[in-house]
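Start at 1 with the first residue, then count along the sequence. Computed from a predicted model, the values in this text were never measured in an experiment.
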Amino acid sequence: MTNPINLMAPEVLANPYPYYAELRRLSPVCQVEPHGMWAVSRYEDVLFVLKNSALFSSSGFTVAWQPAWVGYNPMANSMITRDPPQHTRLRSLVLRAFGPATIARLESRVRATAEKLSSGLVDGADFVKTMALPVPAYVISEILGLDHQLLPYFKQWSDDIVAITPTPASPEAAERIRGTIAKLTGYVGQVIEERRREPADDTVSELLRAEVEGQRLTDVEIKDFLILLLVAGLESTTNLLGNSLLFLANHPEMMARLRAEPSLIPLFIEEMLRYDGVAPGVPRIAASDIILSGVTVPRGAMVFPLISSANRDEQKFPDPDRFDLHRGSQGGLAFGQGAHFCLGALLARMEVRIVLETVVARFQRVERTAGEISYQCALTTRGPVALPLRYIPASG
Ligand code: HEM
């Protein structure tokens, strides 16, 4: 292993797991590229970082996502970037509007959408473009109350927001990103106004109604939250679907098992989240000097708990590189832990279950086409950019 390891190097992005294993064994807490961040790779340490927001602040997100050239970035001011007690207040307010009722309301519509889209899964079709992206995009548009005609733009908007770097790639990119933020904030603002005039049985109306101990969300807080949902809910679910189908194409025996017993699909999803999760790590800032696995991480340092490494830690998961449906992993730390535990975990599980149920009912096998799979060039998300497959119909 070259030292320091670069988490963005193409060979690491293609298959990070052997590199994570080396880190766990030799340097469980060490500086890596990019940015000289402190990577934390063992399960116990990752859990400690995630659970201790007083020691490891989420405010690093704001610094990263709102450099001066951007102006106001709703995502950079949303709850994911806040520490308690501010975070606690926001979370208790949005929880009212984002619980099991939202999921129940969406389930039948997700199934109808997945079934309709599955007719586009024809020889060589890109699974990401045909199914893995449009299903979560549809769900987000329903939650945000946005016009379905805007669906094709979601990916670009989300990409623009996550692509923010301290210096813009070019003046044109800066202009486009500022434009995206203005457009998106404008659309979301319109929906808020409409629901205030005429409340409906939907998430935005519930956010407007939400009240805890006499406190309500401001319009700006609702906008920040809705835009966070677009980014947090789109790419992650798309990638989990992409990783799952790639695994099924590489393991036809697993596809046959799920076809024979679709009730195993929830177990498949939990183990997939552990085995090849879509949020490899999340950034934090050390609030003081702190010792982890015998190494002192200095105050103010950017810390990067590697969730996907924790999920392959042999101390926690025996024989961690084996995909085991009956391991009972519950996804490991894939949805985070502690104060910021993923608010969309139930929703994502529902979406992925329905898509997989649709796919295994319709096809007996999926097969890879020729060519390498390229992975997204990103630190906080992992999934194939495109996934062209052959789909062998169940009756064929
Ligand atoms: C497979 C899919 C998903 C994965 C693996 C995932 C993973 C995560 C992780 C690791 C965190 C913790 C971030 C941190 O500690 O800094 C998180 C937070 C969050 N996720 Fe997800 N997520 C997924 C899907 C979704 C969906 C579908 C939504 C909503 C539409 C969503 C909304 C959120 C929100 C709002 C937070 C912030 C919670 C807070 O700050 O309290 N996620 N997610």
Side-chain angles (χ1 to χ4, degrees), residues 1-47 49-50 64 128 132 162-163 235-251 269-284 292-293 302-324 327 329 331-337 342 368 371-387:
M1 185 168 70
T2 51
N3 216 353
I5 173 184
N6 183 349
L7 296 177
M8 302 283 277
E11 63 279 13
V12 180
L13 292 174
N15 180 12
Y17 300 107
Y19 298 92
Y20 293 163
E22 286 278 284
L23 285 175
R24 284 194 304 276
R25 200 163 61 84
L26 298 174
S27 326
V29 177
C30 69
Q31 283 188 277
V32 298
E33 293 305 326
H35 316 308
M37 321 182 285
W38 290 77
V40 176
S41 49
R42 289 185 182 160
Y43 183 92
E44 287 306 327
D45 288 335
V46 170
L47 188 61
V49 173
L50 294 177
V128 173
V162 293
E235 203 100 42
S236 51
T237 315
T238 300
N239 285 341
L240 183 57
L241 283 166
N243 291 353
S244 299
L245 258 283
L246 180 57
F247 185 88
L248 291 176
N250 288 334
H251 298 85
I269 295 170
E270 296 309 313
E271 181 63 346
M272 199 65 219
L273 280 160
R274 180 198 72 84
Y275 181 83
D276 198 8
V278 298
V282 288
R284 294 289 190 265
L292 283 174
S293 278
M302 170 82 93
V303 182
F304 199 65
L306 282 165
I307 290 176
S308 292
S309 170
N311 282 345
R312 294 271 191 130
D313 188 338
E314 32 293 281
Q315 301 298 319
K316 174 74 183 173
F317 302 105
D319 198 2
D321 298 333
R322 193 165 61 88
F323 189 97
D324 178 358
R327 185 186 285 279
S329 65
L333 299 178
F335 287 116
Q337 191 62 245
C342 178
R368 296 268 300 271
E372 286 297 304
I373 299 291
S374 67
Y375 279 86
Q376 278 165 330
C377 188
L379 263 182
T380 51
T381 187
R382 170 174 166 77
V385 177
L387 187 58

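- The salt bridge (Lys or Arg N to Asp or Glu O under 4.0 Å) test applied to Glu44 returns no partner, not counting sequence neighbours.
- Residues Val282 and Pro305 have side chains in contact (heavy-atom distance under 4.5 Å, counting atoms from C-beta outward).
- Nearest heavy-atom pair, Leu306 versus Ala39, reported as atom, atom and distance to 0.1 Å: CD1-CB, 4.0 Å.
- Shown here for Glu22 and Arg25, the closest heavy-atom pair between the two residues is OE2-NH2, 3.0 Å.
- Residues passing the side-chain contact (heavy atoms from CB on, under 4.5 Å) test with Ser293 are Pro28, Val29, Arg42, Asp45, sequence neighbours excluded.
- In terms of heavy atoms, Lys316 sits closest to Pro318 at O-CD, 3.6 Å.
- For Arg368, there are no salt bridge (Lys or Arg N to Asp or Glu O under 4.0 Å) partners, not counting sequence neighbours.
- Residues passing the side-chain contact (heavy atoms from CB on, under 4.5 Å) test with His251, sequence neighbours excluded: Phe247, Glu253, Met254.
- In this structure, Ile5 CD1 and Leu23 CG are separated by 5.0 Å, a value rounded to the nearest 0.5 Å.
- Taking Ser309 as the reference, Arg24 meet the side-chain hydrogen bond (donor to acceptor under 3.5 Å, both in side chains) condition, with sequence neighbours excluded.
- Partners of Asp321 according to the side-chain hydrogen bond (donor to acceptor under 3.5 Å, both in side chains) rule, which considers only residues two or more places apart in sequence or in another chain, are Arg312.
- Listed by chain and number, the residues in a side-chain contact (heavy atoms from CB on, under 4.5 Å) with Thr381 are Glu235, Asn239, Gln376, Ala378 (sequence neighbours excluded).
- Considering all non-hydrogen atoms of both residues, Ala334 and Ala279 come closest at O-CB, 4.3 Å.
- Checked against side-chain contact (heavy atoms from CB on, under 4.5 Å), Leu379 has the following partners two or more places apart in sequence or in another chain: Leu7, Met8, Pro34, Met37, Phe304.
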Quiz: residues 271-278 side-chain donor-acceptor pairs under 3.5 angstrom, not counting sequence neighbours:
residue	atom	partner	partner atom	Å
Glu271	OE1	Arg274	NE	3.0
Glu271	OE1	Ser329	OG	3.2
Glu271	OE2	Arg274	NE	3.4
Glu271	OE2	Arg274	NH2	2.9
Glu271	OE2	Asp324	N	2.9
Glu271	OE2	Arg327	NE	3.0
Arg274	NH1	Asn311	O	2.8
Arg274	NH1	Pro320	O	3.0
Arg274	NH2	Pro320	O	2.9
Arg274	NH2	Arg322	O	3.1
Asp276	OD1	Tyr17	OH	2.7
Asp276	OD1	Arg382	NE	2.8

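- The shortest distance between side-chain heavy atoms of Gln337 and Ile307 does not fall below 4.5 Å.
- With contacts defined as side-chain heavy-atom distances shorter than 4.5 Å, the pair Asn6/Val12 does not qualify.
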Report task. Given side-chain contact (heavy atoms from CB on, under 4.5 Å), test Thr380 with Val162 step by step and report yes or no. Result -> CA-CA 10 Å; Thr380 51; Val162 293; over 6 Å; no

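- Tyr375 has its side chain within reach of Pro384: a pair of non-hydrogen atoms, C-beta onward, lies under 4.5 Å apart.
- Of all heavy-atom pairs between Phe317 and Ala310, the closest is CE1-O, 3.7 Å.
- Closest approach of Ala132 to Gly242, counting heavy atoms only: CB-N, 4.3 Å.
- Atom CG of Leu47 is separated from atom CG of Asp313 by 11.0 Å, given to the nearest 0.5 angstrom.
- To the nearest 0.5 Å, atom CG of residue Leu245 and atom CG of residue Leu240 are 10.5 Å apart.
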